[in-house]
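As the structure is a prediction and not an experimental result, all values here were calculated from the model. All values below come from the heavy atoms of this structure, side chains included, with hydrogens, waters and symmetry mates left out.
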Protein chains: 2
Amino acid sequence: MAEQTEVRRTPLSRERVLRAAVALADEAGIDSLSMRNLAQDLGVVPMALYKHVANKDELVAGMIDVVIDEIDPPVADVDWKHAVRERILSARRVLQRHPWVSLAIESQQAPTPAILAYLDSMVGTFRGGGFSVDLAHHVMHAMGSRTLGFSQELFDAARNAGRTGATSPEPPAALPAQFADRFPNLAEIAVVASHDDASVVGRGCDDQFEFEFALDLLLDGIERLHQQGWTSTG
Amino acid sequence: MAEQTEVRRTPLSRERVLRAAVALADEAGIDSLSMRNLAQDLGVVPMALYKHVANKDELVAGMIDVVIDEIDPPVADVDWKHAVRERILSARRVLQRHPWVSLAIESQQAPTPAILAYLDSMVGTFRGGGFSVDLAHHVMHAMGSRTLGFSQELFDAARNAGRTGATSPEPPAALPAQFADRFPNLAEIAVVASHDDASVVGRGCDDQFEFEFALDLLLDGIERLHQQGWTSTG
DNA sequence: TGACACCAGCGTACGCCGTACACCTTGGAG
DNA sequence: CTCCAAGGTGTACGGCGTACGCTGGTGTCA
């Protein structure tokens with residue numbers, strides 16, 4: 001009636017919703033991220049958001065992917081060690097810009113596509129540096145929480161991705177083709193791992209082994225520093 | 001009236017509340033831990049719990065402490081490396097029994113007393129093995145998320161513990177005496193760290209340095225494995 | 001031009017949550 | 001016998017995620 005002149009606001013979109021959600025979480029903390037607050041920031045009623053995200057979990061998953069995509073791509077033409085180092089430092093910078101992300105990632109039950117892509121690319125860097133599938137696998141576990149704070153449950157998640165019904169105790173060998181397509185390095189690891197420890201049925205890898213592998217890697221490194229009489233100047 | 005014969009149920013206590021809460025989280029998941037569900041498990045009305053815990057955050061803190069206390073004490077009379085290794089594996093076993101704990105710890109804003117005690121004792125093991133305060137400090141950071149999934153923000157928390165009012169920009173040098181009493185090894189680290197990097201005012205330590213220290217420790221260890229042509233048999 | 005389908009956004013409502021506050025009951029101390 | 005403190009109760013409030021049905025504006029096609 002009165003105000004046709006009111007500026008027609010730019011319509012919502014998944015993109016806009018996710019960006020606003022990230023901004024809200026950055027500024028006010030993840031605890032302040034509610035569908036209601038987010039809707040208010042967007043000048044919209046809460047239920048309007050559900051036309052663009054399925055529910056809050058899926059919203060958070062989308063936010064995570066937005067953030068993970070900020071991580072620099074791997075630098076080319078350098079040895080694996082520098083490539084990995086720079087990439088992880090880039091990831092760290094991103095996570096410092098968005099302090100809520102680590103916890104959000106760990107709270108999710110399955111890694112998001114962007115995270116899988118990031119991990120896959122990281123494995124690719126190791127493989128490109130001449131690492132065997134096995135070593136690349138263990139090394140990824142060892143760096144897990146250091147690099148992003150997850151990846152412990154990676155292959156559980158890979159199995160979940162393949163399960164449509166509820167009660168299908170099929171062998172874990174068959175990863176969905178789509179997965180292998182998008183994340184070839186992860187798929188390779190999954191295949192090898194599930195092949196050579198048939199002892200643990202339905203598990204991609206032996207968590208206890210991975211844990212001790214990483215632990216001993218650290219302890220051995222620490223011991224070496226200690227024996228060399230480490231001081232902060234060198 | 002009718003039923004005086006009803007068995008007088010054992011009264012609530014902080015102990016009983018915490019134990020029931022841990023049991024509930026273990027069985028039904030941390031998401032199912034609500035004051036209402038917990039009260040129901042205890043055959044009591046929700047508000048009754050508040051006579052024994054201040055609020056839900058404090059309940060969770062108490063739960064964490066209950067669990068952390070399950071970690072075995074350090075084995076005596078062995079070198080630092082074996083002592084640390086066994087202790088961490090014990091911690092891992094505990095965390096596997098209570099899968100919700102890692103996330104709960106990371107969600108808290110300050111480490112609980114039991115966690116501080118655990119960390120302090122771990123530092124003590126390193127110091128007893130001849131580590132300098134500095135090296136022990138860095139090494140604790142390096143093992144942080146691997147051992148329990150926290151400790152990144154440890155000294156932030158230590159500073160928080162000393163702040164009673166809101167706006168007291170006093171120098172960080174003065175840790176509360178109580179803290180130094182209970183956690184002498186942590187206090188020692190805090191003092192040394194805040195002494196020699198006066199560049200960063202009010203920070204116990206340089207996060208970026210700690211991160212890169214840990215990262216390089218891992219990368220160097222990985223490189224060594226790679227160069228030795230690592231295979232899973234050794 | 002008119003009819004119509006579609007769909008983004010709206011409004012209402014439900015069942016959870018944490019917890020403030022006032023009340024009642026009970027057992028022990030004086 | 002009285003009184004009090006402490007523990008358990010009941011009610012109520014504001015916030016949460018979201019199911020469900022409605023509306024109004026737009027694009028399509030006859």
State, without any angle test, whether A:N37 and A:S32 hold a side-chain donor-acceptor pair at a distance under 3.5 Å. no

Give the rounded distance in Å between these two atoms: [atom1] of [X] and [atom2] of [N].
X	N	atom1	atom2	answer
A:M35	D:dC16	CE	P	12 Å
B:D31	D:dG17	CG	C1'	13 Å
A:N37	D:dG17	CG	P	8 Å
B:L59	C:dG18	CG	C1'	12 Å
B:Y50	C:dA22	OH	C1'	17 Å
A:R14	C:dG9	CZ	P	15 Å
A:R16	C:dA8	CZ	C1'	13 Å
B:L49	D:dA6	CG	P	19 Å

What distance do A:L33 atom CG and A:W100 atom CH2 have between them, rounded to the nearest 0.5 Å? 8.0 Å

Lys/Arg N to Asp/Glu carboxylate O, A:E70 vs A:R93, below 4.0 Å: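 No, this pair does not count.
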
Flag the pair A:R92 and B:E212 as a salt bridge only when some basic side-chain nitrogen lies within less than 4.0 angstrom of an acidic carboxylate oxygen.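 Looking at B:E212 together with A:R92, the answer is no, because their closest N to O distance does not fall below 4.0 Å.
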
Among [options], the nucleotide that comes nearest once only the side chain of [X] is considered:
X	options	value
B:K51	C:dC10, D:dC16, D:dT9	D:dT9
A:P11	D:dG10, C:dG9, C:dT19	C:dG9
B:R36	D:dT18, C:dG9, C:dT19	C:dT19
A:M47	D:dG17, D:dT9, C:dC10	C:dC10

With a 4.5 Å cut-off on side-chain heavy atoms, are B:R87 and B:I71 touching?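 Yes, close enough: below the 4.5 Å cut-off.
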
OP1, OP2 of D:dG17 versus side-chain N and O of A:K56: anything below 4.0 Å?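 Checking D:dG17 against A:K56, a side-chain N or O does come within under 4.0 Å of OP1 or OP2.
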
Counting only side-chain N and O atoms of B:H52, is one of them less than 4.0 Å from OP1 or OP2 of D:dG8?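 Indeed, a polar side-chain atom of B:H52 lies that close.
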
Identify, between B:L33 and A:S13, the residue whose nearest nucleotide on DNA chain C lies closer to the 5' end.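 Between the two, 5'-proximity favours A:S13.
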
Which sits closer to the 5' end of DNA chain D, A:A54 or B:P46, going by the nucleotide each is nearest to? B:P46

